[in-house]
4 protein chains.
Amino acid sequence: MKKNVIIIGATGFGGLGLIEILLRHPNFKIKQLIARKDTGKDINDIFPSLKGFISMPVQDMSEIIYEDIDLVFFSTPDRAGMSIIREFTSRDIKVIDYSGDFRFNSSDDYSIYAQNKSIDTVHLAPELLKNSVYGLIEKNREQIKNAKIIGNPGCFAISMILGILPAVENGIVTDDKIICDGKSGVSGAGKNPGEANFYPQRHENVNTYREGRHQHLVEVENVINKHSVKKHQIFFIPQVVPMTRGILSTIYFSCPEGMNQKKLTGIYKKYYENEKFVMITDHSPGTCEVKGSNFCKIRPAWDERTRTAVIISVIDNLMKGQSGNAVQTANIIFGFE
Amino acid sequence: MKKNVIIIGATGFGGLGLIEILLRHPNFKIKQLIARKDTGKDINDIFPSLKGFISMPVQDMSEIIYEDIDLVFFSTPDRAGMSIIREFTSRDIKVIDYSGDFRFNSSDDYSIYAQNKSIDTVHLAPELLKNSVYGLIEKNREQIKNAKIIGNPGCFAISMILGILPAVENGIVTDDKIICDGKSGVSGAGKNPGEANFYPQRHENVNTYREGRHQHLVEVENVINKHSVKKHQIFFIPQVVPMTRGILSTIYFSCPEGMNQKKLTGIYKKYYENEKFVMITDHSPGTCEVKGSNFCKIRPAWDERTRTAVIISVIDNLMKGQSGNAVQTANIIFGFE
Amino acid sequence: MKKNVIIIGATGFGGLGLIEILLRHPNFKIKQLIARKDTGKDINDIFPSLKGFISMPVQDMSEIIYEDIDLVFFSTPDRAGMSIIREFTSRDIKVIDYSGDFRFNSSDDYSIYAQNKSIDTVHLAPELLKNSVYGLIEKNREQIKNAKIIGNPGCFAISMILGILPAVENGIVTDDKIICDGKSGVSGAGKNPGEANFYPQRHENVNTYREGRHQHLVEVENVINKHSVKKHQIFFIPQVVPMTRGILSTIYFSCPEGMNQKKLTGIYKKYYENEKFVMITDHSPGTCEVKGSNFCKIRPAWDERTRTAVIISVIDNLMKGQSGNAVQTANIIFGFE
Amino acid sequence: MKKNVIIIGATGFGGLGLIEILLRHPNFKIKQLIARKDTGKDINDIFPSLKGFISMPVQDMSEIIYEDIDLVFFSTPDRAGMSIIREFTSRDIKVIDYSGDFRFNSSDDYSIYAQNKSIDTVHLAPELLKNSVYGLIEKNREQIKNAKIIGNPGCFAISMILGILPAVENGIVTDDKIICDGKSGVSGAGKNPGEANFYPQRHENVNTYREGRHQHLVEVENVINKHSVKKHQIFFIPQVVPMTRGILSTIYFSCPEGMNQKKLTGIYKKYYENEKFVMITDHSPGTCEVKGSNFCKIRPAWDERTRTAVIISVIDNLMKGQSGNAVQTANIIFGFE
C-alpha cells in the first residue's frame, strides 16, 4: 500500500525536486502541498513544467489534514518548521527536514551552526533533538529506520563527508586539517533572486564566499570526528560557478608512507562496496555526469610527487544533495527498494 | 615615434587579444599579421568583430618583411616558433613568446615542462635560452628592459605566482607544500573545438583534469623557489568551469604563530604597493571584476580557527594571463607608460 | 512480453536519449547497441552519466543478431542507414529512422531535401519509400500502426507543423506564406564539435543561418499543404541561441475578419483535445518548461491591433523533437500506453 | 577643452556603460555621479570592475553643482527625471535622457507609450517636449546639434528602426505590416533581480513576452511612418534568450516584382554609406560580433522562392542600444569626432 506524504515548502526548488521524484515513485502518494505564499494556486501554475503530470492546489499550514499521513517533508528554510514539527511527531508521523534545524543532537551544536549562519541561536524544540537522526544514509542506515525526525544533510556537507569518511575511518589522513575547496551551481541558494543568481553578475563569474565560515562546517566536523581515528579540522572554501545544478568538492590531505594510487582506490572502493548511490571512479568525474541522478561519484587520486591525496566528489546538489537523498531516506524508513 | 610590430599566430585568441589592445595603443603599429592557416583572408573576415577597426591580410611566414620591425609577438603553440625566433633575435628584433618555449633558462627545465605536456622534450634553440627572461613583470622588470626574448608566463602560472610570492618571500609559509586549486574558463584551451569547450558538455559542468601534473607547475615552482626563504612544492589541481574568460586560483597554506588578518593583508599590500596592475582587495573578488582588464586582484584571507591562510587571486586569462601581460611587457621594453 | 530493440547510432545524442527513455520503459528491452566508432567500449564509458544504469558494449554493424528483434532505431545521420534498412524490413523488423531518409514517399521530394542539405540527391532504396510513414503521430497515428518504416520528423519541423496545422486545416490563414522564426539550442547540431557549439563563440551569441533554405522546409510544406484548405509557402529563419536543449518557434500569419483571441484558442484546444503530449497554454511558455519532457506546448496569441496571429510552440528538441517522439511512435506500433 | 558632464542614475547598467566609455574619451570629464541609492559610497565599491580606473563618491540629487556643467546624462527609469530635467535646460545644460520621457514630441504619443508600459500617462513637463529630439543619429543628426533635450532611443527600437528605414524610405515594402521578431539578452531588463534574469530560470530558456504590446512599438512606428512612402504597422514579438548582452532583430517583409539580393543589398549599402557605426554585411552577423562595440550590423537577405526579404540587425543593447549611442550623440552636439 502506498504511503501518504505531505510536502511543506512545496513551492521552492526542494519542493519541486520532491514532487518530480515522488510522481514517478510507486510507493508514495502526495496528499497535500503546503506553502506560505501562493496558496490557492495550482502547483502547476507555479511550476509550468509540472502541467500534465500533477494538478493540486497549494494550501496553507492551517489546512493540513493529519489523518492517514505517514510522512511529512519539510522543504523549508531554517527555523520555519522548527516548532511546527511537534504537530507531526506527536501523531507518529515521520519527519524529514531539509533545514539545519534537526541536523544536530544538541542545542549547543545547533547554536554554533546558527551563529555561522547569522540566525537566532536558540532552538525552539530542544526536546526533539535527541530523537533526530542525521540523514547520512551511508553511516546511519539503522538509526534512520527508527528515527522520528531526520535532518537531511546540507548539500556541500554531504559531498564533503562522503569524500572524507573512507580516509579518516581508515586512518590515512596525517594532517590535522583537511582542506576542502567546493564549487556549487546557483540553485543551492534557493529560489530567491539575489546577487548570486542574478544572471548578468553570475554568468562569466566565479567567486568565493564565507571563507572558512560556511554553515555546513559544523555538521561536517561533527560527523568526521565521530568516525575518525583522530581529530581533524576542516578548512572549507565555498565557491559559486556559473551553472544551475551541481557540486564538485576537491578535498586535499597528506597520507602516511606507503600510500599509492592502488591502495587509495582500494580503500574507497571497499568502503562503499554496498552503497548503490556512491560510485568510485577511475576517471575524473564532471558534475554533468550526475545531473538529475542521486549518485555521488568520487575519484580518489594520488600524487606521488607531493605525496598528497586529492578526492574529487561530485553530486547534483538538488538530488543527492537534497531531494534525492531525502527520498532515499524515506525508502529506508519504510523498507522500500 | 611608433614601434613597428608583427604578430605571428594572429588568428588565435591570443592574436585577437593583441590586435584589440594594440589598435588602441598610441605607441605601437601593427605591420603584419602572420598565421599558418587562412592566409590571404582579411583578419576581419576571420574575426568579424574587428570589422570597422582594422583591415589587414593574414600572411604566411614566408612573407615576413623584417625591415624596420622593433618587436614580434609569437602568439603560437608550443614549439611552433622555437627555431624561427632566431630569425628575429639575429636582427635585434625583440621577441615576446606566448608558448612555454622560452619560459626557462635551461633546456633541462624545458624538458620537464615538455614531458608534463606530452610533447617533444628536446629544445631546438638551447643557445637562446640564456638570453630569455621569464615575463613576470612584478619580479623581472629590470631584466625585461634588456632581454632579447621574453617568455610570457602561463595563465594559471601567473595567477598562482602573484598570489604566492609575497608569502614565500616574507617567509610566512610553514607548510612544505602549497595547495593551489585553480578554476578557469574555457578560452584557456585556445580556439580548437574539443571536449572541454563543446557547449553541450561544458555548460552545467565543472571538472578537474591533469591533477598534480599541469604543465604550468614547473614555472611556478621555479619562480617560487628562486625567491622563497625555504623550498616549497606546489600541488595544483586545475578545473574548468562553464564560462569563457577568467581564472580564479585559491591558494592554501599555514602560517607561523602570531599571524592575523591585518598582518597578512599588510604584507600583501606592501609587496605590491608600486604595482599598478596588482590590486590587494578587502573583499572576495569575482572573475567578472577583472574581465577585459589587465588587473590581478588578490584577496589574502586569514582563518583564525584553523590558522590557515587562503589567497584568492583572479585574472582575465586572456589579459593579465596572456595578451595584457605581453603588452605591459612591451611597454617596459620600450619605456612606455 | 517485452519487445526487443536494437539502437543503431547509439553513441550520439539521439542514442543517449533513446537509452535514457528505454531504460525506464516497462515494455522494451535493449538488445544491442551499434555504432561505427568506439566499438568494443562499454556505452557507460562513452556516456559516464549512464554508469549504474546500464552496462553494454558498443558493437559493430557486422555483429548484429537479427533473431527475435522487434524494432530497430536508426539514430544515424542522413544516408548512413539508407540501404541497410532493407536488412531489417525484409525480416519484418519495424524501423524508426531519425534521419531525413524516409520522411518522404517519393524520391523526388527526397532529392529536394537532399539538395537543401547539400548531400547526394539519389535515394538508394526508393522501393521502400512507399512503405514509409512520416512519424507525425498527431496526424498519422493509424498509418503508423501498420508501417514498416517510420521517418521520425525533424526537430524544427515538428515544432512548426504542430503550431501550424490547426490553423491551416481550419482555413484561418489568409496569407499565402507563413513566417516561422525558429530558435534552437545547440544540441540540434549533434555531437560533432564545430563552430555552432564552440563554447567561446556560442555563449553570448545569437545568430541566424540557412535563411529560407533549411532542410526541414520540405517536410513542413509537404505536411501543411496535404492538410491545408489552401496552399501555403513557409518562410523559415532558423536561429541558434546559447543553450543546449530546446526549440521555440514563433509563427506569424493573418486571419480573416472576425478572428479573436477566444476563437483562436478554441480552434487550437479543440484540435488537440485528444493529444496527451500537445498542450495549449494561456501563458507564453518558455523552453525550460518542456525540458526533458515529451510535451509540445503551444500558445496561440491574437494581436487585435495588427490583426495578426502569433503561434508560440516550444519543445525539447531531443524529446518531442527526436527520441521522445520516436518512443511515442514505438508505443503506437506495439499498442502500448 | 573638455566638456563637463554629470551622470544621473550612475549606479545602474546604463551608468556603468557611460562611465566606462567616458573614462576613455578625450573630450569629456565626469564631474559628478548622482543616484538615489548608495549615496556616499564610492562608485568603485558598487562596481568593483572600476577600481583602478575611477574613484568618485555617489551623490544625492540635492548635491548637484550646476556651475560649468555642459551636459547631463539621465540614465534613469521612466519618469524619474521627467520634471527635474527643467533644472538643467533652464541653465542651458544639454540633456541626454535614457528613458522614454522625451522620445516623443507630443504628450499624446507619450501617453500611448506610457499605457503600453502600464505607467502614469500624464507627462509632467509637456512644454519641454517640443524642444526634445529623438536621438536617432542616422536621421536626426542636424536637429541633434541644436537640441536641448535628446530622448535616447530604446534598445529594441533602434535595432528595428535601423533595419527597416532603408526599405520603407525606398518604398520597397509591399506589406501593410512589418513583422519584427526580436531576441535580447537579459541586461535590457536593468539591474533589478527578477524572473527574467534569475539564473536558474533564465539559463536554458527562451521565451516571448508582451507579444504585440512592447513599449518600443510607438517610437518605431512613429519614426518609420515619418519617413516611409506609405504607412506601415509593426508587429513585434520580443524574446529573451539566455545571455547578458546583445539584441538580434529579424525583420520580415515582401517586396515588389524585380527585387533580388543584389538590389536589396545595394539599397542598404547606399543608405548607410556615410554612417560609421552602421555596417551592411554579406554574412549573417551574430550578436557576439558587436559585443562591446557601438556598431549596428545589418544583413539584408532575399529569399527568391517566397519573395520575402529578411533583415537581420544586431547591436549590443548596452552600446548602440544605449550608452554608445548616447555618447555618439554627445559627440555630435559638441562637434567631436
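Per chain, numbering begins at 1; letters A, B, ... match sequence-line order.
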When C:Val314, C:Ile312, C:Asp176 are compared by non-hydrogen pairs under 4.5 Å with chain D, the top option: C:Ile312

Could you have a look at D:Val206, D:Thr208, D:Asn207, D:Asp303 and say which one has the most heavy-atom pairs with chain C under 4.5 angstrom? D:Val206

Contact class of D:Pro242 relative to chain C, heavy atoms under 4.5 angstrom: both

Where does the angle between the aromatic ring planes of D:Phe104 and D:Tyr113 fall among parallel (under 30°), tilted (30 to 60°) and perpendicular (over 60°)? tilted

Out of C:Glu304, C:Glu221, C:Gln201, C:Arg307, which one racks up the most heavy-atom pairs below 4.5 Å with chain D? C:Glu221

Check whether D:Thr287 reaches the backbone of D:Ile247 with its side chain - one donor and one acceptor, N or O, closer than 3.5 Å. no

When you compare the side chains of D:Ser254 and D:Asp175, does any donor N or O come within less than 3.5 Å of an acceptor on the partner? yes

Assert top hit (heavy-atom pairs under 4.5 Å, partner chain C, pool D:Arg245, D:Arg299, D:Lys291, D:Arg305) equals D:Arg305

With chain D as the partner, which of C:Ile237, C:Asn205, C:Thr308 has the greatest number of non-hydrogen pairs under 4.5 Å? C:Asn205

Whether over 12 other heavy atoms sit under 6.0 Å from C:Glu195 CD: no

Structural part of D:Ile178 lying under 4.5 Å from a heavy atom of chain C: neither

Residue D:Lys230 excluded, over 12 heavy atoms near NZ under 6.0 Å: yes

According to the interplanar angle, ranging from 0 to 90°, do the rings of D:Tyr209 and D:His214 count as parallel (below 30°), tilted (30 to 60°) or perpendicular (above 60°)? perpendicular

Chain C heavy atoms under 4.5 Å from D:Glu204: which part of the residue, side chain, backbone, both or neither? both

Could you tell me which portion of D:Gln239 (side chain, backbone, both or neither) has an atom closer than 4.5 angstrom to a non-hydrogen atom of chain C? side chain

C:Asp181 and D:Tyr252 side chains, donor-acceptor separation under 3.5 Å: yes

